[in-house]
Amino acid sequence: MPAWHNVVIIGGGGAGLRAAIAVAEANPKLTVAIVSKVYPMRSHTVSAEGGAAAVAGDDDTFDEHAYDTVSGSDWLCDQDAVEAFVVEARKELLRLEHWGCPWSREQDGRIAVRAFGGMKKKRTWFAADKTGFHLLHTLFQTALSYTGSGRRGGSGIVRYDEWFVTKLLVHDGRVRGVVAVELATGRVETIVADAVIVCTGGCGRVFPFTTNANIKTGDGMALAYQAGAPLKDMEFVQYHPTGLPFTGILITEAARAEGGRLLNKDGYRYLQDYDLGTPTDEPVLRSMELGPRDRLSQAFVHEMAKGRTAETEAGHVVHLDLRHLGEKLIDERLPFVRELCASYQNIDPVHELVPVRPVVHYMMGGIHTDINGATPLTGLYAAGEVACVSINGANRLGSNSLPELLVFGARAGKAVADFVATVPGAATAPVIAQGRDEENRLRRELSDHQHSDGERIADIRTEMQETMEAGAGIYRDEASLTKALDELAELKTRFARASMDDASRTFNTELIAMLELSGMLDVASCIVASGLRRKESRGAHQRTDYPDRNDERYLAHSVIRRKPDGDWRVEYLPVSITRWPPGERVYGR
Amino acid sequence: MPETITMEVWRYRPEHESEPTWDAYDVPLRKEWAVLDGLNHIKDQLDGTLSYRWSCRMGICGSCGMTVNGEPKLSCSTFLTDYAPGPVRVEPMRNFPVIRDLVVEMGDFMAKLPAVKPWLVSDDEPDEDTEYLQTPVEMDDYKRYSMCINCMLCYSACPVYALDPDFIGPAAIALAQRYNLDSRDAGAEDRRDVLASAEGVWACTFVGECSVVCPKDVDPAGAIQRYKLTAASKAVKDLLLPRGAR
């Protein structure tokens with residue numbers, strides 16, 4: 001008998017855990033399985049630093065949070081989704097507080113908030129600069145209470161820790177389960193389910209220089225795409241303006257929110273030259289260093305072209321100056337920044353400038369879902385970075401992603417609980433047969449790679465990453481994207497013959513790398529193909545051959561679908577506009 | 001600085017060998033490279049069969065605990081140049097069964113975690129639009145114990161856990177204390193049976209190695225000692241005072 005659960009959630013990070021709790025709360029009789037390639041507390045949510053946005057103070061309103069998000073997105077987000085998001089974000093962050101999240105506090109015990117890029121009010125809740133770490137561990141520990149023996153009881157949340165999902169099983173137009181490999185043993189298992197929620201996060205590792213953890217390989221995007229579900233707005237890749245130059249490790253935007261300044265090699269606050277405002281001693285909201293990420297990363301490229309960036313062994317950099325903030329504030333508000341600078345850059349930001357450069361950070365695009373996390377493929381849901389609802393449009397604002405994974409993780413969980421209550425039972429035999437086919441395919445592929453004298457997996461991966469940076473970086477054009485697409489096609493051919501050293505069934509991480517790369521080649525192609533079709537510049541998608549925003553043609557979501565022959569089709573869907581007609585993005589004036 | 005350094009890596013492939021062996025690899029010695037970068041170089045360029053866990057490479061996900069030249073370390077925040085001219089010996093964490101190469105079995109810890117009820121227990125949760133008030137001073141009571149990344153280095157260093165695998169262990173006890181000392185929590189009683197048991201704090205002989213190796217300065221040894229005091233004074237009160245006065 002194969003394993004069976006009402007709901008299978010792929011991924012045990014913030015979105016997956018929140019969704020699991022939502023299912024368990026909605027109906028304690030349902031069984032929920034979290035299938036994750038790492039132990040949940042290893043998930044990449046853990047690396048989020050700066051904070052989580054939601055209206056907090058009396059001087060703030062939901063409408064202002066919504067407007068900042070809409071204008072930050074360059075009007076490509078869906079405003080109905082944003083309006084729901086800003087209201088529920090506050091509820092979710094308070095729930096986290098009730099579950100024990102150690103939010104930083106004011107002296108009187110109320111929750112403290114800080115400024116963040118592109119936000120006109122202070123509304124970013126934070127736990128020093130380890131917000132994601134505390135959020136993830138709070139969710140994981142709370143999820144532990146939803147087990148048979150836990151405080152909240154119910155059928156409980158069961159976990160498949162260190163299992164890698166290789167395929168979504170689709171029968172009669174409905175997702176009916178998954179096939180997964182247990183890393184420890186190499187065992188392949190079919191897990192039947194009434195519904196599946198994909199919560200696997202982003203795909204930063206398709207690029208060479210990224211803040212993303214090693215596990216961020218876009219697995220869920222690839223699974224959905226291969227199963228026929230569409231991916232949306234894939235051309236929008238966020239570069240964070242401040243990564244450490246050698247490792248790509250993130251230096252949080254909170255460093256600038258607390259007053260950090262960006263300087264070129266001459267010590268000049270260069271952002272003033274890029275329509276982002278005028279320098280002041282105290283940080284000003286929606287101005288200069290507190291502008292949105294897309295604009296700041298683009299400013300770096302122009303500054304480099306002018307020869308005003310500093311050259312280091314690890315490439316061109318500008319400098320983040322935190323020295324004037326003082327040791328006390330840095331230790332209280334930015335302790336992780338100091339720790340990371342010491343470990344990985346061998347400098348102390350209390351006394352020294354921090355070298356930084358733009359780094360791939362976040363995917364605005366992802367699996368196309370509605371406002372409840374449902375994809376067009378029946379029984380398939382998605383939430384978190386892997387999904388595209390979209391509240392982020394062409395550019396996400398910093399500190400909107402943590403509340404996003406909570407709000408839409410919870411929404412997807414509730415929607416799935418409703419769905420499985422109404423869905424008719426169906427025969428499992430065809431699903432199990434499909435699972436067996438997948439197991440055979442895996443065996444065959446593994447054997448082919450092991451007996452090949454082709455290239456190393458890692459070499460093909462590196463080449464793919466370089467192709468993406470060269471062809472689909474901060475600035476792209478027709479020629480660079482076309483070349484990247486051709487190279488990716490060639491890499492796919494070479495990948496089919498790639499060789500593997502490891503024939504073991506026990507904890508074969510080379511096998512996982514092979515499966516990840518297979519998916520990444522698809523995801524990379526979707527990014528490039530979607531970028532090639534969008535002949536305008538908007539937010540994070542900047543075409544040097546089409547430098548202007550074109551609302552007439554492209555105020556629309558791109559949707560890319562796999563065709564049965566393996567090729568793809570790009571179409572456009574309308575953007576939902578409720579209250580804020582497209583306008584100019586104004587920062588610093 | 002020499003251009004390369006030798007990494008001696010502990011290998012164990014249960015399908016092929018009954019005993020562990022050592023493999024030596026020369027890797028570039030670069031000033032920015034952590035031990036993890038050396039392992040990644042081996043995996044990507046020299047030998048795809050080497051297995052180990054890693055993810056964030058910034059000391060926060062807790063995946064890459066190993067034994068480096070005899071000490072429990074996060075391989076992503078331990079640098080090759082600190083071991084020049086080498087060799088650097090990399091082994092799996094001690095006190096755990098090994099699945100393969102540098103990958104240890106940590107199911108024991110995952111099973112112990114729920115036993116200490118590491119979640120907020122509260123009988124009077126505020127309404128959905130209000131937060132619990134908690135001053136920075138109140139937060140300081142437990143904050144340190146909330147910083148644990150579950151990397152398992154403390155278990156790897158603990159001589160008690162080495163002898164008594166039933167010992168709940170440093171990280172799990174620190175986590176229980178993280179909630180016990182949180183002003184919002186009312187679950188200390190619920191956690192008492194497990195913490196005050198023979199396999200709880202009383203198993204600890206206060207060697208203190210756990211706090212020495214902790215990469216996040218959590219001080220599990222301090223958490224354990226503090227709980228011993230709490231448990232002892234509670235036991236004395238139980239003995240001396242009538243029920244109503246406890």
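Residue numbers start from 1 in every chain, and the chains themselves are labelled A, B, ... in the order their sequence lines are given, proteins ahead of strands. On a predicted model such as this, the values are computed, not experimentally measured, just so you know.
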Checklist entry - So does A:Arg110 have more than 12 non-hydrogen atoms from other groups sitting under 6.0 Å from CZ? => result no
Checklist outcome for this item: Of B:Val137, B:Thr130, B:Asp182, the largest count of non-hydrogen pairs under 4.5 angstrom with chain A goes to B:Thr130
Next on the checklist: Using a 4.5 angstrom heavy-atom cutoff, name the option from A:Asp108, A:Thr462, A:Thr211, A:Val38 with the most pairs to chain B.
Outcome noted: A:Thr211
Item to check | Side chains of B:Glu128 and A:Arg95 in contact at under 4.5 Å (non-hydrogen atoms) | outcome: no
Checklist entry - When you measure from the side chain of A:Arg42 to the backbone N and O of B:Gly62, does any donor-acceptor pair fall under 3.5 Å? => result yes
Checklist entry - Rounded to the nearest 0.5 Å, how far does CD1 of B:Ile149 lie from CG of A:Leu136? => result 12.0 Å
Checklist entry - Can you find a pair of side-chain heavy atoms, one from A:Trp99 and one from B:Leu120, that are under 4.5 Å apart? => result no
Checklist entry - What do the steps show when you test A:Ile249 against B:Arg57 for side chain to side chain contact (heavy atoms under 4.5 Å, CB included), and what is the final call? => result CA-CA 8 Å; A:Ile249 287 172; B:Arg57 55 78 171 91; 3.9 Å; yes
Checklist entry - Side chain, backbone, both or neither: which part of A:Ser104 has an atom under 4.5 Å from a heavy atom of chain B? => result backbone
Next on the checklist: I want to check something: taking the side chain as every heavy atom from C-beta on, are B:Glu32 and A:Gln345 in contact at a cut-off of under 4.5 Å?
Outcome noted: no
Item to check | Option among B:Leu175, B:Leu113, B:Val116 that satisfies the side-chain contact (heavy atoms from CB on, under 4.5 Å) test with A:Gln141 | outcome: B:Leu175
Item to check | Note: B:Arg53-A:Glu162 ion pair, threshold 4.0 Å (strictly below) | outcome: yes
Next on the checklist: I'd like to know whether B:Arg30 forms a side chain to side chain contact (heavy atoms under 4.5 Å, CB included) with A:Phe246, so could you lay out the CA-CA distance, the side-chain angles of the two residues, the decisive distance to 0.1 Å, and finally the verdict.
Outcome noted: CA-CA 11 Å; B:Arg30 298 180 55 177; A:Phe246 179 74; 3.3 Å; yes
Checklist entry - Can you tell me how far CG of A:Leu250 sits from SG of B:Cys56, rounded to the nearest 0.5 angstrom? => result 12.0 Å
Checklist entry - Is there a side-chain contact between A:Phe140 and B:Pro118 (heavy atoms, below 4.5 Å)? => result no
Item to check | Option that, when pairs with chain A are counted at under 4.5 Å, heavy atom only, ranks first among B:Pro136, B:Gly59, B:Ala115 | outcome: B:Pro136
Checklist entry - What distance separates B:Leu50 CG from A:Asp502 CG, expressed to the nearest 0.5 Å? => result 9.5 Å
Checklist entry - Is it the side chain or the backbone of B:Leu46 that comes within 4.5 Å of chain A heavy atoms, both, or neither? => result backbone
Item to check | Contact winner vs chain A - B:Lys43, B:Glu138, B:Lys31, B:Lys143, heavy-atom pairs under 4.5 Å | outcome: B:Lys43
Checklist entry - Does the side chain of A:Tyr344 reach to within under 4.5 Å of the side chain of B:Phe79, using non-hydrogen atoms? => result yes
Item to check | Any side-chain heavy-atom pair of B:Gln134 and A:Trp103 under 4.5 Å | outcome: no
Checklist entry - Looking at OG of A:Ser504 and CZ of B:Arg100, how far apart are the two atoms once the value is rounded to the nearest 0.5 Å? => result 4.0 Å
Checklist entry - Which answer fits B:Cys76, side chain, backbone, both or neither, if we ask what part of it has an atom under 4.5 Å from a heavy atom of chain A? => result both
Checklist outcome for this item: Given A:Glu339, A:Glu106, A:Met41, the one with more heavy-atom pairs under 4.5 angstrom with chain B than any other is A:Met41
Item to check | Contact check, side chains of B:Thr135 and A:Arg105, non-hydrogen atoms, under 4.5 Å | outcome: no
Checklist entry - Any donor-acceptor pair under 3.5 Å linking the side chain of B:Glu15 with the backbone of A:Thr506? => result yes
Item to check | Residue selection (most heavy-atom pairs with chain B, distance under 4.5 Å) from A:His134, A:Glu313, A:Arg461 | outcome: A:His134
Checklist entry - Side chain of B:Glu131, backbone of A:Ile111: donor and acceptor closer than 3.5 Å? => result yes
Next on the checklist: Taking B:Tyr132's backbone N and O only, do any of them form a donor-acceptor pair with A:Glu97's side chain (distance below 3.5 Å, no angle check)?
Outcome noted: yes
Checklist outcome for this item: The interface call for A:His44 against chain B, heavy-atom contacts under 4.5 Å, is neither
Checklist outcome for this item: Ranked by heavy-atom pairs below 4.5 Å to chain A, first place among B:Met106, B:Glu105, B:Arg13 goes to B:Met106
Item to check | A:Glu332 versus chain B, the contacting section by heavy-atom distance below 4.5 Å | outcome: neither
Checklist entry - Does any N or O in the side chain of A:His137 come within less than 3.5 Å of the main-chain N or O of B:Asn150, such that one atom is a donor and the other an acceptor? => result no
Item to check | By salt bridge (Lys or Arg N to Asp or Glu O under 4.0 Å) - contacts of A:Arg90 (at least two apart) | outcome: B:Asp129
Next on the checklist: Report which part of A:Ile215 has an atom under 4.5 Å of a heavy atom belonging to chain B: side chain, backbone, both, or neither.
Outcome noted: both
Item to check | Engaged part of A:Thr45 at the chain B interface, taking heavy atoms whose separation is under 4.5 Å | outcome: neither
Checklist outcome for this item: Okay, B:Pro126 and chain A: the region with an atom under 4.5 Å from a heavy atom over there is both
Checklist entry - Take atom CD in B:Glu17; do more than 12 heavy atoms of anything else shown fall under 6.0 Å from it? => result yes
Checklist entry - What is the minimum heavy-atom distance between B:Ile99 and A:Ala184, and which atoms define it? => result CG2-O, 4.1 Å
Next on the checklist: Quick check: under 4.5 Å, non-hydrogen atoms only, which of residues 449-459 of chain A neighbour chain B?
Outcome noted: A:Arg456, A:Ala458, A:Asp459
Item to check | Engaged part of B:Ser183 at the chain A interface, taking heavy atoms whose separation is under 4.5 Å | outcome: neither
Item to check | Flag side-chain contact, heavy atom, 4.5 Å: B:Asp101 against A:Phe507 | outcome: no
Checklist outcome for this item: Honestly, the part of B:Met139 sitting under 4.5 Å from a heavy atom of chain A is side chain
Next on the checklist: Can a side-chain donor-acceptor contact be found between A:Lys216 and B:Ser55 if the only test is distance below 3.5 angstrom?
Outcome noted: no
Next on the checklist: What's the separation between atom OG1 in A:Thr509 and atom CH2 in B:Trp54, rounded to the nearest 0.5 Å?
Outcome noted: 11.0 Å
